[in-house]
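Whatever order the structure lists them in is the order used to number ligands and atoms, beginning at 1. Residues: numbered from 1 along the sequence shown. Keep in mind that the numbers below use all heavy atoms, side chains included, and drop hydrogens, waters and symmetry copies.
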Amino acid sequence: MSQHPLNEMRSYFETGATLSYNFRKQKLKQLEQALLMHEEEIYEALYADLKKSKEEAYATELGLLLGELRLALRNLKKWMRPQSARTDLVNFPSSTKIYQDPLGVVLIIAPWNYPLQLQLIPLVGAIAAGNCVVLKPSELAPATAAIIEKIISPLFPPEYVQVVQGDGASVIPSMMGSFRFDHVFYTGSIPVGKIIYQLAAKDLVPVTLELGGKSPVIVEAGADLTVAARRIVLGKYLNAGQTCIAPDYLLVDKTAKSELIEKIKTCIDSFYGKNKMQSGDYGKIINEKRFDKLLGYFQDGKLVYGGEHDRSKLFMSPTIMENVSLDSALMKEEIFGPILPMLEFSSFEEALSIVKQNPNPLAFYLFSANPQQQQAWVKAVHFGGGCINNTAYHFANYHIGFGGIGNSGIGSYHGKHSFDTFSHAKPLMKTPVWFDPSFKYPPYKGKIRLFKWFIK
Ligand code: NAD
C-alpha cells in the first residue's frame, strides 16, 4: 500500500503545502492563464470531439469555466475565513467558529458531453478548497482529454494535480480499489454512478454524483409560445441534444400544440438553416454506438419533423416525434440526443402523472403565464433544479448550487457550493476556564429542575 503512486499525493497533502490562501490563489491564477494560453487548442479539441463551434464552446464550456475561476479568485479569502456561529445557553460563555478544512486527495471523473467544463469546474472548487486532485477525463472525448492533460501536466506537479487517462471501466475500479480517496466527484450516467457509489461505499468514501435522467418541459395554454419555442429549441438541440439538462420530452397543452409545433419548426430552421448538416452551430453525435441507439428511437413513434441522418458523419438533424407510448424506450430512457418526443395533456393531473413516471428529474422546465400554476408545479415535482419560462440557463448561474435529487444525483456544486463540496465544515467551540459552575458535574441528584431550565 505504501508503494501506491497516489500515496505521494497523500504525503504532499499532509505537508500542508496546499492550505494557504496564497498557494490556492496562485494555482487558480495559473490555471486561468494556462486556459487562456491554450484557448485556440481548446476550441479545436471541442470541435474534433463534438463539432462545437467556437462560440458555443466559449458559451457552454470555456466561458463558464473562466466565470467560475474568476468568482473563486474574487471570493476565496471570504470563503476560507472561519465563520462565527452562535453558541447556546448550556455552553455559555463559549464561542464557536466553523473552519473550512480541505478533504484531502479527491478524484474528479468527467463525462464526454461537456468534457472540458465538467472536468475543470469541479477542479476549481477542489483547488479553492485546498485539496490534491486526480482528474479522470472521458476516453470518449479523446481530443479534449488530451488538451486537458497538456494544460494540467506542466502546470502542476503530479503529487498536487494529475490527470489519469484510459478506459474508465478498468482505470477507475483499479484506482478506487487500491487507494482511499477522500472524496469522489462523478459526473455521468446513472448506471455508472451506481458502480462508483458501490466502489466508494466499501471504504466509506463520500461522493458527489451528478447524474442524468428525463427532464420534462411543460408548456401550458397561455404561455408565450414564440419565446417558449425559441428557448426549448436552444436547450434541446444544443450540442445535438447531448446535454444532461436538455429538455428530454415536451408536454404541451392540447390547445397550444399545433401552434407550438409550427413555431418550433420555424425556430429550428432559423437557428440551423435549411441544411442542418452544413450548420456551423449544430453538433454531431459522439460515436456510432450512441448514433445507433438514437436511430432506434425512431421506431417508437411518428416523426413529425427532422429525422435526417448520416451515420458516416454522425449527423442526426433536430427531430420531433409524436404518438409516442409511455411504455416505449423513448419515454423510459434518457434520450441524450436531438429527438424531442411531444405529448399532449388536457389537465394538470394528466401532465403530472406523466412526469411522475420518471421521478426526480435533474431539471424541470415550465412555460406558463399563470403564477398559481407555476407554484402548483414547483410544489408537485421533486427535481434537481429548473427554470420557469426558460431552459438550461440555471446551469450558468454560479450563485446557485447545481445537482440532482434521488435518481438524478447526490450533492451539488458551482460557485461557493463547489468550495463547500470539497471542504469539511469543521465546527470548533472554545470554552474559557474562568467560569466553571459545579452544577454541571456529578453528583446530579436534585439538579433535574435546573437542567430543565437550561436545556430546552
Ligand atoms: P458514463 O457514465 O458512461 O461515463 C462517465 C465517466 O465514467 C467517464 O469518465 C468514464 O470513463 C467513466 N466510466 C465509464 N464506465 C465506467 C465503469 N464501468 N466504472 C467506472 N467508471 C466508468 O457517462 P457518459 O456517457 O460519459 O455521460 C452521459 C451521462 O452523463 C448522461 O446520463 C448525462 O445525463 C450525464 N451527465 C450528467 C451531468 C450532470 O451535471 N448531472 C452532466 C453531463 C452528463
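Looking at Gly403, Ala110, Gly404, Gly168 and measuring to atom 6 (C) of ligand 1, the nearest heavy atom belongs to Ala110. Closest heavy-atom approach to atom 22 (C) of ligand 1 within the set Leu199, Asn239, Val192, Ile196: this belongs to Val192. Scanning Asp167, Ile190, Leu211 for the heavy atom closest to atom 41 (N) of ligand 1 points to Leu211. Relative to atom 28 (C) of ligand 1, the option among Phe336, Tyr114, Tyr186 with the closest non-hydrogen atom is Phe336.
For Gly415 against Leu71, the heavy-atom pair with the smallest separation is CA-CD2, 3.5 Å.
In this structure, Phe422 and His183 have perpendicular ring planes: the angle between them is above 60°, well past the 30° mark. Ring-plane geometry between Phe298 and His309 is classed as perpendicular, the angle between the planes exceeding 60 degrees on a 0 to 90 degree scale with a lower cut at 30. Between Tyr413 and Phe395, the ring planes lie perpendicular to each other; the angle is over 60°, past the 30° to 60° tilted range.
Salt-bridge annotation for Asp420 and Lys416: present, with a side-chain N of the basic residue lying under 4.0 Å from a carboxylate O of the acidic one.
Checking Tyr99 against Gln83 by side-chain atom types alone, no donor-acceptor pair falls below 3.5 Å. Counting only N and O atoms by type, the side chains of Asp49 and Thr144 include a donor and acceptor under 3.5 Å apart.
Taking a 4.0 Å cut-off on heavy atoms, Phe395 fails to register as neighbouring ligand 1.
Scanning the protein heavy atoms around atom 31 (C) of ligand 1, the nearest turns out to be Glu334 OE1, 3.6 Å. The shortest contact between atom 40 (O) of ligand 1 and any protein heavy atom is with Phe402 CE2, 3.3 Å. Taking atom 25 (O) of ligand 1 as the reference point, the nearest protein heavy-atom neighbour is Trp112 NE1, 2.8 Å. Taking atom 36 (N) of ligand 1 as the reference point, the nearest protein heavy-atom neighbour is Cys244 CB, 3.4 Å. Nearest protein heavy-atom neighbour of atom 17 (C) of ligand 1: Ala169 CA, 3.4 Å. In terms of protein heavy-atom proximity, atom 12 (C) of ligand 1 is closest to Ile172 CD1, 3.9 Å. Protein heavy atom closest to atom 27 (O) of ligand 1, with residue, atom name and distance, is Pro111 CB, 3.4 Å. The protein heavy-atom contact nearest to atom 23 (O) of ligand 1 is Ser189 N, 3.4 Å.
Per-residue contacts place Ser138 under 4.0 angstrom from the following atoms of ligand 1 (heavy atoms of the residue considered): 9 (O). In the vicinity of Gly212, heavy-atom distances shorter than 4.0 Å reach the ligand 1 atoms 34 (O). Here is the list of ligand 1 atoms found below 4.0 Å of a heavy atom in Leu362: 41 (N). Against a heavy-atom cut-off of under 4.0 Å, Leu118 is close to the following atoms of ligand 1: 42 (C), 43 (C). Heavy-atom proximity to Glu139, at under 4.0 Å, picks out these atoms of ligand 1: 10 (C), 11 (O). Shown in contact with Asn113 at under 4.0 Å from a heavy atom are these atoms of ligand 1, numbered in order with element: 43 (C), 44 (C). Ligand-side atoms of ligand 1 in range of Ile109: 6 (C), 7 (O), 9 (O), range being under 4.0 angstrom from any heavy atom.
At least one N or O atom of Gly188, backbone or side chain, sits closer than 3.5 Å to an N or O atom of ligand 1. The shortest N/O to N/O separation between Thr187 and ligand 1 does not fall below 3.5 Å.
The side-chain contact (heavy atoms from CB on, under 4.5 Å) test with Phe13 singles out one residue from Thr18, Asp182, Leu103, and that residue is Thr18.
Between the OG atom in Ser174 and the CD1 atom in Ile172 there is a gap of 10.0 Å [rounded to 0.5 Å]. Between the OG1 atom in Thr243 and the OH atom in Tyr237 there is a gap of 12.5 Å [rounded to 0.5 Å]. One distance of note links CG of Asn360 with NZ of Lys214; it measures 15.0 Å at 0.5 Å rounding. Note that CD of Gln33 and CG of Leu36 are 8.0 Å apart. Values are rounded to the nearest 0.5 Å.
Looking at Arg24, its side chain does come within 3.5 Å of a backbone N or O of Leu19 through a donor-acceptor pair.
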